[in-house]
Amino acid sequence: MIKVQDIVYVAHRAPDLDKHAQFLTDFGMVETARTADRLYMRGAGTYPFIHVTEKGEPGFAGVGMLAGSAAELDEASRLPGASAIEAIEGPGGGQRVRLTAPDGYRVDLVHGMTLVDPLPLRAPLPVNFALQKQRIKSFQRPDHEPARVVRLGHCVLKFNDGDAGARWFQETLGMLVTDRLHVPGDQASTLGNFLRCNRGDRPADHHTIFALHTPGDINVHHASFEVQDPDAVHIGHEWLKEKGYKPAWGVGRHLLGSQVFDYWRSPWGYMFEHYADGDLLTADMPAGDYPATDENLAQWGPVLAPRFFESVVVD
Ligand SMILES: [Fe+2]
């Protein structure tokens with residue numbers, strides 16, 4: 001059985017690679033390769049790339065997820081509608097099988113990419129808590145810089161049928177429902193399912209895919225990238241504000257997943273999130289079920305931005 005182990009990359013289409021490279025650099029990624037119609041960006045972690053920009057009309061192009069083994073790639077290639085095993089054309093090489101999730105989302109199952117050395121990253125800031133001091137004769141002086149993305153953490157997709165979308169990730173990629181969100185006052189109506197990778201006893205992020213139920217509104221909602229710590233989220237916020245980008249919601253702390261979050265719009269209106277300090281769970285954790293109230297979206301932070309659930313906001 002296929003059990004994806006991680007999310008590796010996300011791909012958007014944009015008409016101007018230079019402009020997207022500038023945004024992604026200010027967001028905290030590092031350009032690693034470019035062709036006439038592809039831009040590859042990496043994080044400070046070990047994947048050779050975590051974001052691909054495909055030159056074209058603005059849009060969402062898909063995600064890449066890590067197969068548990070080469071045998072799983074083989075198994076995936078025999079699924080209905082799957083591609084053959086193909087070479088990945090980006091840096092790091094490796095192989096992929098291209099799958100199609102409900103509503104036409106492209107999901108690449110990948111294996112065998114050559115990992116890269118991590119980039120230098122400032123150490124986590126040691127915090128002096130009220131009753132627990134750990135920093136004596138040393139100072140908090142983090143650099144003023146972009147939020148130095150380490151890795152892609154999750155991607156949120158909108159489906160005509162949110163349960164069908166979640167089921168596909170469970171049945172095809174072996175993912176587990178961590179928490180379900182339902183319509184407040186109507187527990188039978190799903191609003192979304194947070195899905196994590198089944199890594200057995202190895203902890204996995206609270207969610208790697210979030211499948212939203214939004215009939216008639218099919219698009220990515222956002223892609224989310226992990227940074228070192230909450231200070232990096234805040235420093236990154238200041239950097240993007242100074243550069244004139246458009247904030248979408250944040251800084252706050254989510255309830256489900258517990259991440260300190262900050263959402264921004266790309267030059268073409270797509271949402272990118274920075275996060276730090278998210279929850280990790282092993283496979284034995286039973287699923288939760290929560291009403292989709294504002295209190296269950298964030299435990300603190302600004303009032304929910306009115307256009308937060310729109311996939312693309314350009315004005
Ligand atoms: Fe998120």
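None of these values were measured; they are calculated from a predicted model. Both ligands and their constituent atoms are indexed starting at 1 by order of listing.
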Query - Y105 reachable from V110 in the ILVMFWY side-chain graph, under 4.5 Å edges - result: yes

**Report entry** Verify same cluster id: V220, W168 (apolar side-chain graph, 4.5 Å)
**Finding:** yes

**Report entry** Donor-acceptor pair, side chain of S77 and main chain of A84, under 3.5 angstrom
**Finding:** no

**Report entry** Polar contact flag, side-chain donor to acceptor under 3.5 angstrom, H51-H12
**Finding:** yes

Report task. Could you tell me which residues satisfy side-chain hydrogen bond (donor to acceptor under 3.5 Å, both in side chains) with D117, sequence neighbours excluded, listed by chain and number? Result -> none

Report task. Describe, in one word, how the ring planes of F272 and F225 are oriented to each other, choosing from parallel (under 30°), tilted (30 to 60°) and perpendicular (over 60°). Result -> parallel

Requested in this report: Could you pull out the N/O/S protein atoms under 2.8 Å of the Fe ion (ligand 1), ignoring any water?
Outcome: H154 NE2, H222 NE2, E273 OE1

